[in-house]
Amino acid sequence: MKIPTDRFYSRSHEWLLLEGQIGGVGITDYAQRELSDIVFVELPAIGTHVQRGQAVATIESVKAASDIYSPATGEVLEVNTALAQEPGLMNTDPYGKGWLFRIRVEAPEETERLESPETYAKLIAGSTESPPTP
Amino acid sequence: MGSFAGWTLPIVYSSVAEEVLSVRRKAGLFDISHMGEILLEGPDAPGWLDQLLPSKITALPTGRGRYSFLLKENGGIIDDFFVYRIEPSRFLLVVNAATTQTDVRWFSEKLSRAKVALTDESECWGGLALQGPEAREILRRVLPDLPEAFERRAIIAASWKGSSFWIARTGYTGEDGAELFFPAPLGTSLWDALLQAGASSGLRPCGLAARDILRLEACLPLNGHELNEEMTPLEARMGWVVDWEKSTSFPGKEALLEKRSRGLDISLVAFAAEHPAPPPRAGYPLWAGETVVGKVTSGGYSPTLEAAIGMGYVKTPLTTESTRLTYLVRGARYPVTLKPAPLYRRKNR
């Protein structure tokens, strides 16, 4: 299970990659495996202001629909439009081409509420069932 | 893994999409041991079944199978299954897991006076389905004595490690292939032998999620979804299963004849959504403008057709291909086009 060390993780299995004030958001390798084949994604509108922990996107896999929670508070600046035609990118490259959206992070201190790669690794090592809800 | 009708089932091995495409392009192996196997035998069996099923069983040649139904008096579908005539007076019924006990009770209640014995082998037999364009070649590597003339819907006795079992050229994927029904202890070695023999042909183990998408692409109905006690074979567009000409009566015959002359209120349709769209799921209403005119019975994403597809019941005036319907997901409308069934048809090879 891949867990890149350059980013933060939520307990609901999203990642946040900070570049200055801009945060990239996606789902983890663990999440994509649990969801299995992702066939559709509904992304937030650009310009939406989202709260940390707010359900902002929906992913539909062959199994079911799952909510995606924003790991940070801020304005949505950009969404990954390639996912509309190729939602499977979330399965094949969850930390790269399968990113979901970018937001302007308003409160960088919020990252203290997220997990480090090490803690997240321990978290998923202990769970073999479906991802818990936040 | 998942639970269903008291069985633990393999849902997905690697990726549903990859498993589906592997069956369409190469081959896939499914564990279908949850299916029920019922044996009916005795000198009265053919004529007795003629009076119970909508199909003309006395006309079914030995060594062949036929798709049929158990019907209520009002024509509602209790179960759908394959009935194989394995010997002149011996029949194998392969029925749905969830309805096996209902079927056994239904037949048992009708056994008195008839010289027919019923054996429920569901707990003792396993089942494997080998499906895909490479399936027959792979089967031949494991069972070289398989006769050359093994036609579609044929069933033959085969032998494995000294035990005999049944192979039918049937399936539930829309591809060519075979289904094997055997005493459960043979299961592991048959599974391993087939997987090994098929490795060079691209055979892979497939779960029941892939099987569900494959049957949906091929518009094969599923009991509990397209088929239930509220629907007759006519609404399900399976009227071809009914032998209207046979002289014997059978449960549901009067109701079906009446319904056939009166016409239908609703009918099963197949549809595809424009890409991209979320998969329509069972139970979603189907809309014509602002009015609900039907309901999705099965839906999902088809990796073969690269579109969200489904089946559902729709009011009959709207079942033409020019009808534009929509389904609603989280407030957004997704248009669908009604398509002739099956949505996927295999090319003749």
Side-chain angles (χ1 to χ4, degrees), chain A residues 1-2 27-46 48 50 54-70 76 79-95 97-101 127-131 133, chain B residues 1-4 9-23 204-217 272-284 296 298-310 327-336:
Chain A
M1 205 84 70
K2 290 189 208 108
I27 62 167
T28 65
D29 192 22
Y30 173 81
Q32 72 80 15
R33 283 189 203 203
E34 286 294 310
L35 292 168
S36 78
D37 307 65
I38 296 166
V39 295
F40 183 79
V41 62
E42 213 172 272
L43 294 167
I46 291 168
T48 316
V50 301
Q54 185 186 338
V56 289
T58 309
I59 289 178
E60 295 233 20
S61 73
V62 291
K63 288 183 189 168
S66 310
D67 285 330
I68 301 302
Y69 302 92
S70 182
V76 176
V79 298
N80 186 357
T81 50
L83 296 179
Q85 287 302 322
E86 255 188 290
L89 288 172
M90 280 178 276
N91 290 118
T92 53
D93 192 6
Y95 296 114
K97 288 181 185 147
W99 65 280
L100 286 166
F101 57 92
S127 61
T128 49
E129 294 301 309
S130 303
T133 47
Chain B
M1 303 297 278
S3 294
F4 178 68
L9 306 177
I11 304 297
V12 56
Y13 287 90
S14 51
S15 143
V16 177
E18 284 171 22
E19 291 170 19
V20 166
L21 293 174
S22 138
V23 172
R204 59 192 292 168
C206 296
L208 295 169
R211 189 165 179 256
D212 190 47
I213 293 292
L214 288 157
R215 69 96 195 162
L216 176 61
E217 290 176 344
E274 283 161 26
H275 189 65
R281 304 201 189 256
Y284 283 8
V296 176
S298 297
Y301 177 76
S302 158
T304 312
L305 306 167
E306 297 184 334
I309 60 168
Y327 61 94
L328 212 59
V329 182
R330 295 178 293 274
R333 277 179 194 279
Y334 296 91
V336 302

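Numbered from 1 within each chain, the chains take letters A, B, ... in sequence-line order. The analysis underlying the following values was restricted to heavy atoms, covering all of them including side chains, and did not include hydrogens, waters or symmetry mates.
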* **Over 12 non-hydrogen atoms of neighbours within 6.0 angstrom of CD in B:Glu306** =>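 No, CD of B:Glu306 has 12 or fewer neighbouring heavy atoms, counting only those of other groups under 6.0 Å.
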* What are the two closest non-hydrogen atoms of A:Ser61 and B:Pro279, and how far apart are they? ->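 So the two residues come closest at O-CG, 4.4 Å.
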* To do: List the atom of A:Val62, the atom of B:Arg281, and the distance in Å for their closest heavy-atom pair.
  =>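 Nearest pair, atom of A:Val62 first, then B:Arg281: O-NH1, 3.4 Å.
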* Under a 4.5 Å heavy-atom cut-off, does chain A meet the side chain of B:Ala209, its backbone, both or neither? ->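 Neither the backbone nor the side chain of B:Ala209 comes within 4.5 Å of chain A.
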* **Straight-line distance of A:Asp37 CG to B:Glu19 CD, nearest 0.5 Å** =>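 Answer for the CG-CD pair, A:Asp37 versus B:Glu19, is 8.0 Å.
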* Contact class of A:Ala65 relative to chain B, heavy atoms under 4.5 angstrom ->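 For A:Ala65, backbone and side chain are both near chain B.
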* Validation row: A:Glu60, B:Val329 side chains within 4.5 angstrom (heavy atoms) ->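 Sidechains of B:Val329 and A:Glu60: in contact.
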* Asked: With respect to chain A, which residue among B:Gly300, B:Ala308, B:Ala277, B:Ala332 yields the maximal number of heavy-atom pairs within a distance under 4.5 Å?
  ->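 Most heavy-atom pairs within the cutoff with chain A belong to B:Ala277.
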